[in-house]
*Asks:* 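Below are the structure tokens for one structure; questions will follow.
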Number of protein chains: 2
Amino acid sequence: MAIVRQSKKRDAMLALLRGTDQHPSAEQVYRALKPDYPDLSLATVYRNLAQLCEQGLALRVGTVNGQERYDGHTRPHSHFICNRCGRVADLPRLSPGEGCVERLGVQYGFTAERCEFVIRGLCKGCEDF
Amino acid sequence: MAIVRQSKKRDAMLALLRGTDQHPSAEQVYRALKPDYPDLSLATVYRNLAQLCEQGLALRVGTVNGQERYDGHTRPHSHFICNRCGRVADLPRLSPGEGCVERLGVQYGFTAERCEFVIRGLCKGCEDF
DNA sequence: AGCTTAATAGGAATCATTCCTGTTAAGGAT
DNA sequence: ATCCTTAACAGGAATGATTCCTATTAAGCT
């Protein structure tokens, strides 16, 4: 990987991701920072989100309504996604058991880099139409 | 939901999904069936995949390289996705514990419709570049 | 056989994401 | 402090998966 230089905009993006539990999309990050960085480009948002993910500073949570959602909190935890409103909420860490993933890796022939446990359904507000 | 009529093409799609463990994309379904159904349209593939998912006869496994992957096997199980070659493999059911999801639903205010446990990493063939 | 409307083809439209080109600016080297 | 290399960037074009639209066909009841 090439050298990573300091970048005001990327720093702001990471700060934004770390300061919210909303799991914003690229578009939402763009709109949130545009006022402070009027010449911010959407391409820059995508490029920096990809880089933050590569560096392990952010995570792709999953696709909601065709848009990827991002999380700046990298401590192991799980997510709930509302199928109606698209809200993404944090859940405590859910694991399939100690050493389970490692055993499966041996058995099925893979090395795990990451595990995601995602619950999809309806949130409180969306249950009653 | 509207009445569901018989459809040769949709039947063929479901049979294809049920007869493979490859978790094909819409494009792959299209290419697999095009020889037998020369006038098959990609729009029809997308429409029927969506309908099969609504009916609970198929599942969206997740996005790999920007393309959604589909699974015709609906018995609870998990998936491994290779980050390099994009292969999607079945794993046995992995659950976070009996009644766990229900408890979380009560605690965090949601009703779960589905749970996915996905492991991402490198498969055997891709490990050694 | 007639009727309602789901299913369809084919092509246009949408829209998230990536690519491209020229420019700017980190930050190490001189 | 100035020079140099190249990462970061804007802005806009390109890509590509998916959805939408319109006219046509065909399930499958009556």
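Chain letters run A, B, ... following the sequence lines, proteins first, then strands; residues in each count from 1.
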*Asks:* Applying the side chain to side chain contact (heavy atoms under 4.5 Å, CB included) criterion to K9(B), which one of D39(B), L33(B), L14(B) satisfies it?
*Replies:*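 Answer after filtering D39(B), L33(B), L14(B): D39(B).
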*Asks:* Taking it one step at a time, do K124(A) and F110(B) satisfy side chain to side chain contact (heavy atoms under 4.5 Å, CB included)?
*Replies:* CA-CA 5 Å; K124(A) 206 122 199 165; F110(B) 63 78; over 6 Å; no
*Asks:* Does Q6(A) have a side-chain nitrogen or oxygen under 4.0 Å from the phosphate oxygens OP1 or OP2 of dA8(D)?
*Replies:*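 Q6(A) to dA8(D) OP1/OP2: no side-chain N or O under 4.0 Å.
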*Asks:* Between L42(A) (CG) and dT17(C) (P), how many Å, whole number?
*Replies:*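 Rounding to the nearest Å, CG of L42(A) and P of dT17(C) are 9 Å apart.
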*Asks:* Rounded to the Å, how far apart are L49(B) CG and dA17(D) P?
*Replies:*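 In whole Å, dA17(D) P and L49(B) CG are 14 Å from each other.
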*Asks:* Measuring from the side chain of L40(A) (C-beta onward, heavy atoms only), which nucleotide among dT18(C), dA7(C), dA10(D) has the closest atom?
*Replies:*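 From the listed options, dA10(D) comes nearest.
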*Asks:* Starting at CZ of R60(A) and ending at C1' of dT17(C), how long is that distance when rounded to a whole Å?
*Replies:*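 Computing the R60(A):CZ to dT17(C):C1' distance gives 11 Å.
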*Asks:* Name the residue closer to the 5' end of DNA chain D, choosing between A26(B) and K8(A) according to the nucleotide with the nearest heavy atom.
*Replies:*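 Mapping each residue to its closest nucleotide by heavy atoms, the 5'-most match is K8(A).
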*Asks:* Is S7(A) near enough to dC9(D) that one of its side-chain N or O atoms lies under 4.0 angstrom from OP1 or OP2?
*Replies:*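 Yes, because at least one side-chain N or O of S7(A) sits under 4.0 Å from OP1 or OP2 of dC9(D).
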*Asks:* Under 3.5 Å, is there a donor on one side chain and an acceptor on the other for D90(B) and H73(B)?
*Replies:*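 There is no such pair between these side chains.
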*Asks:* Following the transitive rule for hydrophobic clusters with a side-chain heavy-atom cut-off under 4.5 Å over Ile, Leu, Val, Met, Phe, Trp and Tyr, establish whether F80(B) and V61(B) coincide in one cluster.
*Replies:*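 No.
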*Asks:* Determine: side-chain N/O of N48(A) to OP1/OP2 of dC9(D), distance under 4.0 Å, yes or no.
*Replies:*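 It does, given that an N or O in the side chain of N48(A) lies less than 4.0 Å from OP1 or OP2 of dC9(D).
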*Asks:* To the nearest Å, how far apart are R31(A) CZ and dC15(C) P?
*Replies:*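 Rounded to whole Å, this separation is 13 Å.
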*Asks:* With respect to the side chain of R47(B), which nucleotide from dA8(D), dA7(C), dC9(D) is positioned closest?
*Replies:*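 Of dA8(D), dA7(C), dC9(D), dA7(C) is nearest to the side chain of R47(B).
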*Asks:* Tell me: CG of D11(A) to C1' of dA8(D), nearest whole Å?
*Replies:*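 It is 12 Å, rounded to the nearest whole Å.
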*Asks:* When you check the phosphate oxygens OP1 and OP2 of dA6(C), does a side-chain N or O of Q51(B) lie under 4.0 Å from one of them?
*Replies:*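 Checking dA6(C) against Q51(B), no side-chain N or O comes under 4.0 Å of OP1 or OP2.
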*Asks:* To the nearest angstrom, how far is I3(B) atom CD1 from dT5(C) atom P?
*Replies:*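 Taking CD1 of I3(B) and P of dT5(C), I get 8 Å after rounding.
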*Asks:* For L33(A) and dC9(D), what is the distance between atoms CG and P respectively, to the nearest whole Å?
*Replies:*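 L33(A) atom CG is separated from dC9(D) atom P by 12 Å.
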*Asks:* Tell me whether L104(B) shares a hydrophobic cluster with F117(A), the cluster being built from Ile, Leu, Val, Met, Phe, Trp, Tyr side chains joined at under 4.5 Å.
*Replies:*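 They do share one cluster, since a chain of ILVMFWY contacts under 4.5 Å joins L104(B) to F117(A).
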*Asks:* For R5(B) and A43(B), find the nucleotide of DNA chain C closest to each by heavy atoms; which residue's nucleotide sits nearer the 5' end?
*Replies:*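 So the residue in question is R5(B).
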*Asks:* Quick check for you: among dA17(D), dC9(D), dG28(D), whose closest atom lies nearest to any side-chain atom of Y46(B)?
*Replies:*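 Of dA17(D), dC9(D), dG28(D), dA17(D) is nearest to the side chain of Y46(B).
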*Asks:* Taking OP1 and OP2 of dG16(D), is either one under 4.0 Å from a side-chain nitrogen or oxygen of N65(B)?
*Replies:*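 Result: no.
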*Asks:* What is the distance, to the nearest angstrom, from the CD atom on Q67(A) to the P atom on dT18(D)?
*Replies:*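 These atoms are roughly 15 Å apart.
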*Asks:* Taking any heavy-atom pair under 4.0 Å as a contact, classify E27(B): base, sugar-phosphate, or nothing.
*Replies:*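 The residue E27(B) makes no contact with any strand.
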